[in-house]
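One-based numbering, in listed order, for ligands and for the atoms of each. Quick note: numbers below take in every heavy atom, side chains included, and nothing from hydrogens, waters or symmetry partners.
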Amino acid sequence: MDCLFLLPIFAGISLLVLLVQCFGPQTYRFVSQKISNMRGYEAVPVEDDEEPEAPPAPKTYMPSEGLAKDFMKRVRDVGVVAWTFDFFRLLLVMTLLALSIYATVVAHAPALHGHPGENQNKGFDESGTDIFEALRKKGGKKHRKNRKAKFDFVTQEWIEFGTTVFYAYNLVLCAILLGLKAGSSIRKIISLHLHLILFLAWLVFAYRDLYPLLTRKLTPVDVLHAPAWLTWTRLSLLTVTAAVIPALQPRRYFELLAPRSIINSNSQSDQNEAPVQPQNRAPWFLSRFIPERESRIEPHITLTFAQSADGKIAGPGGKQVALSGKESMLMTHWMRSMHDAIMIGIGTAANDDPRLNVRLLPQAYQSETPQPIVLDPQLRLSPTARMLQALHDETTPHAKNPWLLCQKIQDWDQDIRKRKAALEQAGARIIEHDMPGGRMDLSLLPTLLRSLNVRSVMVEGGASIIDQFLVTTCNDETGQQRPLADCVIVTVAPSNIGDEGVAYGAGKGLQAIKSTFKGIYAERFGQDSVLVFQP
Ligand SMILES: NC(=O)C1=CN([C@@H]2O[C@H](COP(=O)(O)OP(=O)(O)OC[C@H]3O[C@@H](n4cnc5c(N)ncnc54)[C@H](OP(=O)(O)O)[C@@H]3O)[C@@H](O)[C@H]2O)C=CC1
Ligand SMILES: Nc1nc(O)c(N)c(N[C@@H]2O[C@H](COP(=O)(O)O)[C@@H](O)[C@H]2O)n1
């Protein structure tokens, strides 16, 4: 078999793998949810009189601002240089496709209808290069007359047709790539496929046409089937597409595009001033650790909080302290916007009365407010809490009805039923769950999140919640134990609180994190260091 048949095979395999990579996680989630339902996992009860909530609409991370603006934003996000490389590759693949179509036509023309099967694979001819010419003169017309049907392709035509299909597939991938945002997992996957199959195609052509030149005895195979200029033009273009572009294209788009000056310039802005520019390096920094929602099989859990240099997360008596500077606080809000949900313990909700929104982000991103979830076994949350008041405040149109995770309520428990009614009245959704001794087994959190259609959650504290997330493990897809948190992101402020402050990790602070998680990345945001740990 002619090795050029490998090209459509590469495209076919790539398409199959791509489909599995893109739709596999969702299918897995769907199937495993069905299986866990069949196994008798108790779904989160919805009150009889409560309308079951529609699943949250899929979120677009970057709200549309019109075609031209969206396009320019995409180009800037990816990087003008990197995007130009992508565009250039698209033009090259387009040209290669056109040349392949031309080569198919050439193969279909009289010249090669003689005995294409005879010529191919014998391509290592010592006699010279212009066999194409010789064949053409030899009476292709006769054979053309003999052809039975229009699509009665001979082998060479099928080979060129397969090559055309291969380039058409690559062209589609190149076009899709131009529209994808930087750092997205689908961009990485498609980019990898393009690099890989184009390089494999280049290897095939190099074997057919360059290797014979090195031997000095053999003739490049493709010169036997097509004009020499066509063969060498195609090979040169493919070399640029498959080898030169991948070698020269800048990879760490966000690093190149989001210099420190951008975030530093934000430091002058006050929370009350106009929102900062979206061109901010925080989302690009975070996108390395927080995967796209769609790409997740298991819900992604990020544990995050701010601490002082001496390892405290709050002042004496639990007093809330503004540890994060403006830059890292902005980073935290970007982080919130990148998760489906944000979770805190009732201790924090009662103490800090947080809003848990993304108010520091520009207007266009305000709709990316995560779903607030409070671990509140006894429903202690005040019905006048700020996150509930926000539901009735027209300045916070994107506020979401908080979900309160509480223990199963018994009929005789009058007090808690009253609190439940008041909280529901204020807009909370109460989710009852098994909590023996008033404590939820947090290793079941991924299952619970899946049943609630939550694909990622950012756990913001406080002390007791942090401690539990640092030591709790759960089963991964293969049944192996793994830490519950997929990553821990800690903002370390250059200030000390003192011994009276609230500590975490049994007073060991970062050491407690390091016993399970590896320190993998540190980045400065203003005066603060943001440390990222992964298992
Ligand atoms: N610097 C930072 O980034 C942050 C600091 N903080 C600080 O942390 C402090 C609050 O911490 P803390 O008091 O520990 O409160 P938490 O926010 O950790 O909440 C603890 C409460 O949550 C409930 N809870 C805990 N674990 C479970 C479980 N497994 N299942 C069900 N319910 C559970 C319990 O409620 P119940 O008692 O009703 O049973 C428990 O008392 C505050 O001072 C706050 O300012 C908070 C967040 C971030
Ligand atoms: N990142 C960070 N830095 C600090 O200095 C903090 N004190 C906190 N605290 C957390 O943020 C909540 C407040 O949220 P809102 O600003 O009201 O939206 C607070 O409850 C802690 O969870 N975080």
Side-chain angles (χ1 to χ4, degrees), residues 271 282 302-308 310-337 342-361 369-370 372-382 385-387 389-390 396 399 402 404-408 416 419 431-445 448 458-472 484 488-495 497 500-506 509 525-528 530-531:
Q271 288 187 12
T302 305
L303 175 64
T304 186
F305 54 91
Q307 69 157 70
S308 59
D310 59 350
K312 303 293 189 297
I313 64 165
K319 187 174 182 328
Q320 187 182 16
V321 181
L323 288 159
S324 302
K326 282 171 189 158
E327 295 84 357
S328 56
M329 204 63 223
L330 180 65
M331 182 278 302
T332 302
H333 279 224
W334 277 115
M335 201 190 318
R336 287 179 176 181
S337 78
I342 180 166
M343 185 171 169
I344 53 167
I346 179 63
T348 300
N351 191 72
D352 299 356
D353 198 9
R355 285 156 281 186
L356 305 181
N357 56 21
V358 293
R359 60 190 177 279
L360 299 184
L361 300 192
T369 303
I373 303 178
V374 184
L375 253 179
D376 186 5
Q378 303 166 60
L379 296 183
R380 290 200 279 127
L381 186 73
S382 161
R386 284 203 281 195
M387 67 178 102
Q389 282 181 7
T396 51
L404 308 185
L405 285 185
C406 75
Q407 61 193 347
K408 293 225 155 112
I416 198 167
R419 290 201 293 279
I431 297 172
E432 295 179 34
H433 197 275
D434 264 342
M435 293 191 188
R439 288 289 173 269
M440 178 183 168
D441 176 358
L442 289 176
S443 66
L444 299 178
L445 185 65
L448 175 65
M458 165 173 167
V459 180
E460 260 205 12
S464 133
I465 300 290
I466 293 169
D467 287 356
Q468 293 174 67
F469 272 81
L470 287 180
V471 295
T472 307
L484 180 59
V488 184
I489 303 181
V490 187
T491 298
V492 182
S495 54
I497 286 184
E500 302 298 305
V502 176
Y504 70 94
F525 283 89
Q527 297 294 304
D528 304 332
V530 176
L531 310 181

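- Considering backbone and side-chain N/O atoms, G347 comes within less than 3.5 Å of an N/O atom of ligand 1.
- Residue S324 holds the heavy atom nearest to atom 2 (C) of ligand 2 of all those in G315, S324, G347.
- Counting protein heavy atoms only, atom 12 (C) of ligand 2 is closest to E460 OE1, 3.5 Å.
- Residue-ligand proximity, D352 to ligand 2, at heavy-atom distances under 4.0 Å covers atoms 19 (C), 20 (O), 21 (C).
- Taking a cut-off of under 4.0 Å to the non-hydrogen atoms of F305, the atoms of ligand 1 that pass are 3 (O).
- Using a 4.5 Å cut-off on side-chain heavy atoms (C-beta onward), V358 and P370 make contact.
- A distance of 11.0 Å separates CG in L445 from CD in Q468, rounded to the nearest 0.5 Å.
- Under the 3.5 Å distance criterion, with hydrogens and angles disregarded, a donor-acceptor pair is assigned to the side chains of N357 and R359.
- Taking atom 42 (C) of ligand 1 as the reference point, the nearest protein heavy-atom neighbour is N351 ND2, 3.5 Å.
- Checked by atom type and distance alone, the side chain of D441 pairs as donor or acceptor with a backbone atom of S443 at under 3.5 Å.
- Not a single N or O atom of V502, backbone or side chain, sits closer than 3.5 Å to an N or O atom of ligand 1.
- Annotation: atom 4 (C) of ligand 1 to nearest protein heavy atom, I313 O, 4.1 Å.
- Ligand 1 places these atoms under 4.0 Å from at least one heavy atom of Q468: 25 (C), 26 (N), 27 (C), 28 (C), 29 (N).
- For a threshold of 3.5 Å applied to N or O pairs, the pair formed by R355 and ligand 2 contains at least one separation below that value.
- Evaluated by nearest non-hydrogen atom to atom 47 (C) of ligand 1, the leading choice among E460, Q307, K312 is E460.
- Side-chain contact check for L375 versus M435: some heavy-atom pair is nearer than 4.5 Å.
- Among all protein heavy atoms, the one lying closest to atom 14 (O) of ligand 1 is S464 N, 2.8 Å.
- Protein heavy atoms are absent from the space less than 4.0 angstrom from atom 8 (C) of ligand 2.
- The CG atom of L303 lies 9.0 Å from the CG atom of L484; values are rounded to the nearest 0.5 Å.
- Remark: among candidates L442, I465, L375, D467, the nearest residue to atom 31 (C) of ligand 1 is L375, based on non-hydrogen atoms.
- Annotation: Q527, atom CD; neighbour count of heavy atoms from other residues, nucleotides and ligands within 6.0 Å does not exceed 12.
- Here is the list of ligand 2 atoms found below 4.0 Å of a heavy atom in T332: 1 (N).
- By the 4.5 Å heavy-atom criterion applied to side chains, L405 and I373 are counted as neighbours.
- Atom-to-atom distance recorded for Q307:CD and L323:CG is 8.5 Å, nearest 0.5 angstrom.
- Heavy-atom proximity to G318, at under 4.0 Å, picks out these atoms of ligand 1: 42 (C), 43 (O), 45 (O).
- Counting heavy atoms from C-beta on, the side chains of L356 and P354 come closer than 4.5 Å.
- Rounding to the nearest 0.5 Å places CE of M387 at 13.0 Å from OG1 of T369.
- Atoms of ligand 2 lying under 4.0 Å from any heavy atom of L323, numbered from 1 in the order shown and given with element: 4 (C), 5 (O).
- Considering backbone and side-chain atoms together, K319 places no N or O closer than 3.5 Å to any N or O of ligand 1.
- Every atom of ligand 1 with a heavy atom of G461 under 4.0 Å away is listed here by number and element: 17 (O), 47 (C).
- Contacts between R336 and ligand 2 below 4.0 angstrom, taking non-hydrogen atoms only, involve the side chain exclusively.
- Looking only at heavy atoms of the protein, atom 23 (N) of ligand 2 is closest to M329 CE, 4.2 Å.
- Considering only non-hydrogen protein atoms, atom 11 (O) of ligand 1 sits nearest to A463 N, 3.0 Å.
- A donor-acceptor contact shorter than 3.5 Å links the side chain of D376 to the backbone of L381.
- Within the model, atoms OG1 of T491 and CD1 of I313 stand 12.5 Å from one another, a figure rounded to the nearest 0.5 Å.
- At least one N/O-N/O distance between V321 and ligand 2 falls below 3.5 Å.
- Set against the non-hydrogen atoms of T348, the atoms of ligand 2 under 4.0 Å away are 20 (O), 22 (O).
- Counting only non-hydrogen atoms, the option in T348, I497, L379 that gets closest to atom 46 (C) of ligand 1 is T348.
- Distance CE/M458 to CE/M343: 13.0 Å, rounded to 0.5 Å.
- When side chains are defined from C-beta on, D528 counts as touching P494, because their heavy atoms get closer than 4.5 Å.
- Polar contact check, A314 against ligand 1: no nitrogen or oxygen pair lies under 3.5 Å apart.
- With a 4.0 Å heavy-atom cut-off, ligand 2 is reached by no atom of R386.
- Using a 4.5 Å heavy-atom threshold, the side chains of P377 and M440 count as separate.
- Proximity to A322 (heavy-atom distance under 4.0 Å) selects the following atoms of ligand 2: 5 (O).
- Scanning the protein for heavy atoms near atom 44 (C) of ligand 1, the closest one is D352 OD2, 3.4 Å.
- Below 4.0 Å from some heavy atom of P354 lie the following atoms of ligand 2, by number and element: 12 (C), 13 (C), 14 (O), 17 (O), 20 (O).
- For ligand 1 and G345, the ligand atoms under 4.0 Å from any heavy atom of the residue are 16 (P), 17 (O), 19 (O), 22 (O).
- Note that atom 18 (O) of ligand 2 has protein non-hydrogen atoms nearby, at separations under 4.0 angstrom.
- For ligand 2, the polar-atom distance check against Q320 finds no nitrogen or oxygen pair separated by under 3.5 Å.
- Scanning the protein heavy atoms around atom 16 (P) of ligand 1, the nearest turns out to be G462 N, 3.5 Å.
- Residue-ligand proximity: I344 is placed with every non-hydrogen atom at 4.0 Å or more from ligand 1.
- For atom 32 (N) of ligand 1, the closest non-hydrogen atom on the protein side is P377 CG, 3.2 Å.
- A donor-acceptor pair under 3.5 Å links the side-chain atoms of R386 to the main chain of D353, judged by distance alone.
- In this structure, L356 has a heavy atom closer than 4.0 Å to ligand 2.
- Of the protein's heavy atoms, R439 NH1, 2.9 Å lies nearest to atom 39 (O) of ligand 1.
- Every atom of ligand 1 is numbered from 1 in the order shown, and the set under 4.0 Å from a heavy atom of A306 is 1 (N), 2 (C), 3 (O).
- In this structure, the side chain of R419 engages the main chain of Q378 through a donor-acceptor pair within 3.5 Å.
- Of the possible polar contacts, one joining the T348 side chain to the G462 backbone as a donor-acceptor pair under 3.5 Å is found.
- Less than 4.0 angstrom separates some heavy atom of R359 from each of these atoms of ligand 2: 15 (P), 16 (O), 17 (O), 18 (O).
- Nearest to atom 30 (N) of ligand 1 by heavy-atom distance, out of R380, M343, M440, H433, is M440.
- Counting heavy atoms closer than 4.0 Å to ligand 1, residue I346 contributes atoms from both its backbone and its side chain.
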